[in-house]
Q: 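Here it is: the structure, laid out below.
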Amino acid sequence: MSQTVDRALSILPLLAEGPADLGQVADRLDVHKSTALRLLRTLHEHGLVYRQSDQRYRLGARLIALAQEAMENLDIREIAHPHLVRLNEQCGHTVHLAVYEESEVLYIDKVESRYPVRMYSRIGKPVAITVAAVAKLLLADLPEGERRALADKLDYPMYTSRSTPNAPAFLRELDKVREQGWATDLGGHEESINCVAAPIRGADGRVVAAMSVSAPNVVVTADELLTLLPLVRRTADAISGEYSGRTPVKDSQ
(Lines give C-alpha, C1' and ligand atoms only; values in the text may rest on other atoms or scores of the structure.)
Protein backbone atom coordinates (compact mmCIF):
# COMPACT_ATOMS: atom_id res chain seq x y z
CA MET A 1 0.00 0.00 0.00
CA SER A 2 2.77 2.46 0.90
CA GLN A 3 4.47 1.83 -2.44
CA THR A 4 1.20 2.51 -4.26
CA VAL A 5 0.73 5.79 -2.40
CA ASP A 6 4.34 6.73 -3.07
CA ARG A 7 3.93 6.08 -6.80
CA ALA A 8 0.66 7.99 -6.98
CA LEU A 9 2.17 11.00 -5.22
CA SER A 10 5.21 10.87 -7.50
CA ILE A 11 2.92 11.61 -10.44
CA LEU A 12 1.98 15.04 -9.10
CA PRO A 13 5.45 16.68 -9.39
CA LEU A 14 5.70 15.32 -12.94
CA LEU A 15 2.40 16.91 -13.94
CA ALA A 16 3.40 20.15 -12.23
CA GLU A 17 6.03 20.43 -14.97
CA GLY A 18 3.28 20.27 -17.59
CA PRO A 19 0.82 17.80 -19.18
CA ALA A 20 2.14 14.28 -19.71
CA ASP A 21 0.78 11.21 -21.51
CA LEU A 22 0.44 7.71 -20.10
CA GLY A 23 3.79 6.58 -21.50
CA GLN A 24 5.65 9.49 -19.90
CA VAL A 25 4.05 8.78 -16.53
CA ALA A 26 4.89 5.09 -16.75
CA ASP A 27 8.48 5.88 -17.72
CA ARG A 28 8.92 8.32 -14.83
CA LEU A 29 7.57 5.78 -12.33
CA ASP A 30 9.38 2.90 -14.03
CA VAL A 31 6.18 0.83 -14.08
CA HIS A 32 4.01 -0.84 -16.72
CA LYS A 33 1.46 1.37 -18.45
CA SER A 34 -1.40 -0.58 -16.87
CA THR A 35 -0.08 0.29 -13.38
CA ALA A 36 0.34 3.94 -14.31
CA LEU A 37 -3.17 4.03 -15.77
CA ARG A 38 -4.64 2.58 -12.58
CA LEU A 39 -2.90 5.24 -10.50
CA LEU A 40 -3.97 8.03 -12.84
CA ARG A 41 -7.59 6.88 -12.75
CA THR A 42 -7.59 6.94 -8.96
CA LEU A 43 -6.12 10.45 -8.89
CA HIS A 44 -8.63 11.50 -11.55
CA GLU A 45 -11.55 10.21 -9.47
CA HIS A 46 -10.43 12.47 -6.63
CA GLY A 47 -10.01 15.48 -8.90
CA LEU A 48 -6.26 15.60 -8.38
CA VAL A 49 -5.46 15.06 -12.06
CA TYR A 50 -7.47 15.76 -15.21
CA ARG A 51 -7.37 13.98 -18.55
CA GLN A 52 -7.36 16.36 -21.48
CA SER A 53 -8.97 15.76 -24.87
CA ASP A 54 -5.51 14.91 -26.29
CA GLN A 55 -5.29 12.07 -23.71
CA ARG A 56 -2.56 13.82 -21.75
CA TYR A 57 -2.93 14.38 -18.02
CA ARG A 58 -2.48 17.59 -16.04
CA LEU A 59 -2.99 18.64 -12.43
CA GLY A 60 -6.66 18.83 -11.51
CA ALA A 61 -8.59 21.81 -10.21
CA ARG A 62 -9.27 20.02 -6.91
CA LEU A 63 -5.55 19.86 -6.13
CA ILE A 64 -5.14 23.55 -6.90
CA ALA A 65 -8.13 24.38 -4.70
CA LEU A 66 -6.73 22.32 -1.83
CA ALA A 67 -3.37 24.07 -2.11
CA GLN A 68 -5.04 27.47 -2.10
CA GLU A 69 -7.17 26.56 0.91
CA ALA A 70 -4.12 25.32 2.79
CA MET A 71 -2.23 28.54 2.09
CA GLU A 72 -5.16 30.67 3.23
CA ASN A 73 -5.36 28.75 6.49
CA LEU A 74 -1.66 29.09 7.29
CA ASP A 75 -1.07 31.46 10.17
CA ILE A 76 2.37 33.02 9.77
CA ARG A 77 2.24 34.41 13.30
CA GLU A 78 1.54 31.00 14.84
CA ILE A 79 4.37 29.42 12.86
CA ALA A 80 6.84 32.23 13.52
CA HIS A 81 6.20 32.87 17.21
CA PRO A 82 8.29 30.02 18.69
CA HIS A 83 11.20 31.07 16.50
CA LEU A 84 10.85 34.71 17.58
CA VAL A 85 10.85 33.65 21.23
CA ARG A 86 14.02 31.59 20.76
CA LEU A 87 15.72 34.46 18.97
CA ASN A 88 14.76 36.79 21.80
CA GLU A 89 16.18 34.31 24.32
CA GLN A 90 19.44 34.19 22.38
CA CYS A 91 19.96 37.92 21.91
CA GLY A 92 17.77 39.56 24.58
CA HIS A 93 16.48 42.31 22.29
CA THR A 94 13.01 43.19 21.01
CA VAL A 95 11.84 41.00 18.14
CA HIS A 96 9.05 42.02 15.74
CA LEU A 97 7.05 40.28 13.01
CA ALA A 98 5.33 42.41 10.36
CA VAL A 99 3.18 41.98 7.24
CA TYR A 100 2.05 44.22 4.38
CA GLU A 101 -1.70 44.77 4.11
CA GLU A 102 -3.64 47.38 2.14
CA SER A 103 -0.72 49.80 1.67
CA GLU A 104 0.34 49.55 5.33
CA VAL A 105 2.98 47.54 7.14
CA LEU A 106 1.67 46.25 10.46
CA TYR A 107 3.29 44.57 13.43
CA ILE A 108 1.51 41.27 14.09
CA ASP A 109 3.78 39.92 16.82
CA LYS A 110 6.32 41.21 19.30
CA VAL A 111 8.60 39.66 21.90
CA GLU A 112 9.81 42.20 24.45
CA SER A 113 13.43 42.89 25.29
CA ARG A 114 14.82 41.56 28.54
CA TYR A 115 16.46 44.94 29.12
CA PRO A 116 14.82 47.74 31.15
CA VAL A 117 14.68 50.09 28.14
CA ARG A 118 11.60 49.06 26.13
CA MET A 119 10.27 50.04 22.70
CA TYR A 120 6.81 51.60 22.37
CA SER A 121 5.76 49.58 19.31
CA ARG A 122 2.43 47.75 19.54
CA ILE A 123 0.93 44.75 17.79
CA GLY A 124 -1.57 45.94 15.18
CA LYS A 125 0.05 49.35 14.85
CA PRO A 126 1.36 50.49 11.44
CA VAL A 127 5.10 51.02 11.22
CA ALA A 128 6.84 54.10 9.89
CA ILE A 129 6.72 52.78 6.35
CA THR A 130 9.46 54.91 4.79
CA VAL A 131 12.14 54.07 7.36
CA ALA A 132 11.31 50.79 9.15
CA ALA A 133 13.53 47.86 8.19
CA VAL A 134 10.60 45.42 7.99
CA ALA A 135 8.74 47.80 5.69
CA LYS A 136 11.71 48.07 3.35
CA LEU A 137 11.82 44.28 2.96
CA LEU A 138 8.09 43.93 2.34
CA LEU A 139 7.91 46.81 -0.15
CA ALA A 140 11.14 45.84 -1.93
CA ASP A 141 9.48 42.57 -2.95
CA LEU A 142 6.55 44.29 -4.68
CA PRO A 143 6.53 44.39 -8.50
CA GLU A 144 8.47 47.39 -9.80
CA GLY A 145 5.41 49.27 -11.03
CA GLU A 146 3.64 48.84 -7.71
CA ARG A 147 6.78 49.91 -5.81
CA ARG A 148 7.09 53.10 -7.82
CA ALA A 149 3.40 53.95 -7.57
CA LEU A 150 3.47 53.48 -3.80
CA ALA A 151 6.69 55.45 -3.39
CA ASP A 152 5.22 58.38 -5.34
CA LYS A 153 2.16 58.68 -3.10
CA LEU A 154 3.90 58.32 0.27
CA ASP A 155 4.79 61.20 2.55
CA TYR A 156 8.38 61.35 3.78
CA PRO A 157 8.46 62.79 7.29
CA MET A 158 11.95 63.55 8.56
CA TYR A 159 11.76 61.76 11.90
CA THR A 160 15.53 62.20 12.24
CA SER A 161 18.38 63.41 10.08
CA ARG A 162 18.74 59.82 8.85
CA SER A 163 15.16 59.45 7.63
CA THR A 164 14.46 58.76 3.96
CA PRO A 165 13.87 62.20 2.43
CA ASN A 166 11.97 61.51 -0.81
CA ALA A 167 10.67 58.95 -3.29
CA PRO A 168 13.86 58.62 -5.40
CA ALA A 169 15.93 57.94 -2.27
CA PHE A 170 13.33 55.46 -1.04
CA LEU A 171 13.34 53.56 -4.34
CA ARG A 172 17.14 53.41 -4.30
CA GLU A 173 16.99 51.97 -0.78
CA LEU A 174 14.40 49.39 -1.84
CA ASP A 175 16.60 48.36 -4.78
CA LYS A 176 19.51 47.88 -2.40
CA VAL A 177 17.39 45.85 0.04
CA ARG A 178 15.98 43.71 -2.79
CA GLU A 179 19.52 42.89 -3.97
CA GLN A 180 21.09 42.16 -0.58
CA GLY A 181 18.13 40.34 0.97
CA TRP A 182 18.09 42.14 4.33
CA ALA A 183 17.44 45.62 5.69
CA THR A 184 18.35 48.02 8.47
CA ASP A 185 16.96 51.08 10.16
CA LEU A 186 19.88 52.78 11.86
CA GLY A 187 18.34 55.76 13.60
CA GLY A 188 15.94 56.55 10.79
CA HIS A 189 12.81 56.60 12.94
CA GLU A 190 14.28 57.32 16.36
CA GLU A 191 17.86 58.52 16.75
CA SER A 192 18.46 56.09 19.60
CA ILE A 193 16.95 52.94 18.05
CA ASN A 194 18.61 50.61 15.55
CA CYS A 195 17.10 47.62 13.79
CA VAL A 196 18.12 44.73 11.51
CA ALA A 197 15.56 42.69 9.60
CA ALA A 198 15.23 39.66 7.33
CA PRO A 199 12.44 38.42 5.01
CA ILE A 200 10.18 35.41 5.47
CA ARG A 201 9.29 33.80 2.16
CA GLY A 202 6.50 31.53 1.02
CA ALA A 203 6.72 28.48 -1.21
CA ASP A 204 6.80 30.70 -4.31
CA GLY A 205 9.76 32.71 -3.01
CA ARG A 206 7.75 35.86 -2.42
CA VAL A 207 8.11 37.76 0.84
CA VAL A 208 5.08 37.09 3.04
CA ALA A 209 6.36 38.73 6.24
CA ALA A 210 9.45 40.29 7.73
CA MET A 211 11.04 39.94 11.15
CA SER A 212 13.46 42.18 12.95
CA VAL A 213 15.61 42.68 16.02
CA SER A 214 15.65 46.17 17.49
CA ALA A 215 17.63 47.71 20.32
CA PRO A 216 18.45 51.17 21.70
CA ASN A 217 22.03 52.28 21.31
CA VAL A 218 22.37 52.60 25.09
CA VAL A 219 22.18 48.79 25.15
CA VAL A 220 24.15 47.93 22.00
CA THR A 221 25.72 50.05 19.29
CA ALA A 222 24.58 49.82 15.68
CA ASP A 223 27.73 47.89 14.80
CA GLU A 224 27.11 45.41 17.62
CA LEU A 225 23.51 44.94 16.49
CA LEU A 226 24.67 44.24 12.92
CA THR A 227 26.68 41.27 14.19
CA LEU A 228 23.31 39.61 14.92
CA LEU A 229 22.30 39.74 11.25
CA PRO A 230 23.40 36.15 10.48
CA LEU A 231 21.32 34.89 13.41
CA VAL A 232 18.32 36.95 12.32
CA ARG A 233 18.60 35.64 8.76
CA ARG A 234 18.89 32.03 9.92
CA THR A 235 15.78 32.48 12.04
CA ALA A 236 13.88 33.99 9.10
CA ASP A 237 15.02 31.12 6.89
CA ALA A 238 13.82 28.58 9.47
CA ILE A 239 10.40 30.25 9.58
CA SER A 240 10.30 30.38 5.78
CA GLY A 241 11.07 26.68 5.55
CA GLU A 242 8.36 25.74 8.00
CA TYR A 243 5.79 28.11 6.50
CA SER A 244 6.40 26.91 2.95
CA GLY A 245 6.63 23.26 3.92
CA ARG A 246 10.17 22.92 2.55
CA THR A 247 11.64 21.80 5.86
CA PRO A 248 10.33 19.83 8.83
CA VAL A 249 9.55 21.57 12.09
CA LYS A 250 12.73 22.01 14.10
CA ASP A 251 14.39 24.46 16.41
CA SER A 252 16.19 27.39 14.80
CA GLN A 253 19.79 27.59 15.90
Side-chain angles (χ1 to χ4, degrees), residues 76 84 87 91 93-110 113 117-201 205-233 235-236 240:
I76 186 63
L84 305 183
L87 178 59
C91 70
H93 305 306
T94 302
V95 182
H96 286 109
L97 180 70
V99 296
Y100 178 65
E101 290 184 357
E102 298 180 357
S103 300
E104 288 187 324
V105 175
L106 307 170
Y107 289 128
I108 61 171
D109 202 2
K110 177 183 181 182
S113 167
V117 181
R118 299 293 179 89
M119 294 184 62
Y120 293 106
S121 55
R122 296 196 309 272
I123 294 174
K125 179 181 178 181
V127 310
I129 198 168
T130 59
V131 293
V134 288
K136 294 174 186 177
L137 284 164
L138 290 160
L139 301 185
D141 193 61
L142 295 176
E144 183 177 2
E146 193 173 343
R147 284 203 311 274
R148 291 187 174 279
L150 180 63
D152 286 341
K153 71 179 184 181
L154 289 175
D155 295 322
Y156 294 86
M158 293 301 293
Y159 302 103
T160 76
S161 60
R162 297 181 179 179
S163 298
T164 308
N166 51 48
F170 189 50
L171 288 169
R172 287 195 299 271
E173 178 70 7
L174 295 186
D175 286 340
K176 175 184 174 183
V177 166
R178 188 180 179 91
E179 181 177 351
Q180 69 189 14
W182 52 274
T184 62
D185 169 15
L186 304 180
H189 187 216
E190 298 179 58
E191 289 278 7
S192 61
I193 302 291
N194 298 306
C195 175
V196 294
I200 297 167
R201 300 181 184 276
R206 299 297 305 274
V207 176
V208 297
M211 54 157 298
S212 65
V213 170
S214 304
N217 54 28
V218 295
V219 176
V220 292
T221 65
D223 287 341
E224 290 170 334
L225 189 67
L226 284 169
T227 65
L228 295 176
L229 181 59
L231 178 60
V232 174
R233 297 185 76 179
T235 302
S240 298

Q: So with a 6.0 Å cut-off around CD of Glu179, is the heavy-atom count from everything else above 12?
A: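 Result for CD/Glu179: open.
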
Q: Please check if the side chain of Glu224 supplies one atom and the backbone of Thr221 the other of a donor-acceptor pair under 3.5 Å.
A: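 Looks like yes, one N/O pair under 3.5 Å.
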
Q: Of the non-hydrogen atoms in Lys153 and Ser103, which two are nearest, and what is the gap between them?
A: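 Answer, listing the atom of Lys153 first, then Ser103: NZ-OG, 3.8 Å.
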
Q: Determine yes or no for a side-chain-to-main-chain donor-acceptor pair under 3.5 angstrom, with Arg178 supplying the side chain and Ala140 the backbone.
A: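 Yes; at least one donor-acceptor contact below 3.5 Å.
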
Q: Where do Ala132 and Val127 come nearest, in terms of heavy atoms and distance?
A: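 So the minimum-distance heavy-atom pair works out to CB-CG2, 3.8 Å.
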
Q: Does Lys110 use its side chain to pair, donor to acceptor, with the backbone of Ser121 at less than 3.5 Å?
A: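 Indeed, once roles are kept as given, a pair shorter than 3.5 Å links the two residues.
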
Q: Hey, what do you get for CG (Asn217) to CD1 (Ile193), rounding to the nearest 0.5 Å?
A: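 Answer for the CG-CD1 pair, Asn217 versus Ile193, is 7.5 Å.
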
Q: Ignoring hydrogens and angles, tell me if any N or O in the side chain of Arg201 forms a donor-acceptor pair with the backbone of Ser240 under 3.5 Å.
A: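 No: the side chain of Arg201 does not pair with the backbone of Ser240.
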
Q: Within this structure, what is the OG1-CG distance for the pair Thr94 and Leu84, rounded to the nearest 0.5 Å?
A: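 The distance works out to 12.0 Å.
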
Q: Looking only at heavy atoms, which two atoms of His93 and Ala215 are closest? And how far apart?
A: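 Answer, listing the atom of His93 first, then Ala215: ND1-CB, 3.7 Å.
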
Q: Looking only at heavy atoms, what is the nearest atom pair of Gly187 and Arg162, with distance?
A: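 Shortest heavy-atom separation between Gly187 and Arg162 comes out as O-CB, 3.7 Å.
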
Q: Going from CG on Leu228 to OG on Ser212, what distance comes out if it is rounded to the nearest 0.5 angstrom?
A: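 OG of Ser212 is found 12.0 Å from CG of Leu228.
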
Q: Only one of Leu226, Thr184, Leu225 clears side chain to side chain contact (heavy atoms under 4.5 Å, CB included) with Asn194; which?
A: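 With Asn194 as partner, side chain to side chain contact (heavy atoms under 4.5 Å, CB included) holds for just one option, Leu225.
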
Q: Glu190 side chain to Ser192 main-chain N or O, any donor-acceptor pair under 3.5 Å?
A: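 Pair absent, no side-chain N/O of Glu190 close to backbone of Ser192.
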
Q: Between Arg206 and Asp141, is there a donor-acceptor pair closer than 3.5 Å when you use the side chain of the first and the backbone of the second?
A: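 Yes; at least one donor-acceptor contact below 3.5 Å.
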
Q: Roughly how far, to the nearest 0.5 Å, is the CG atom of Asn166 from the CG atom of Leu154?
A: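 Here the rounded value is 11.5 Å.
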
Q: CG of Leu106 to NE2 of His96: how many Å apart, nearest 0.5 Å?
A: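 Reported value, rounded in 0.5 Å steps: 12.5 Å.
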
Q: Do side-chain atoms of Thr164 reach the backbone of Phe170 as a donor and acceptor pair under 3.5 angstrom?
A: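 Checking the backbone N and O of Phe170 against the side chain of Thr164, no donor-acceptor pair under 3.5 Å is found.
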
Q: Taking atom CG of Asp175 and atom CD of Glu173, what is their separation to the nearest 0.5 Å?
A: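 Interatomic distance, Asp175 CG to Glu173 CD, rounded to 0.5 Å: 9.5 Å.
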
Q: Could you work out, with ring pair (Phe, Tyr, Trp, His ring centres under 6.0 Å) as the rule, every residue matching Tyr100, not counting sequence neighbours?
A: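 With neighbours one apart ignored, the set is empty.
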
Q: For the backbone of Ser163 and the side chain of Tyr156, can you confirm whether one donor and one acceptor N or O come within less than 3.5 Å of each other?
A: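 No.
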
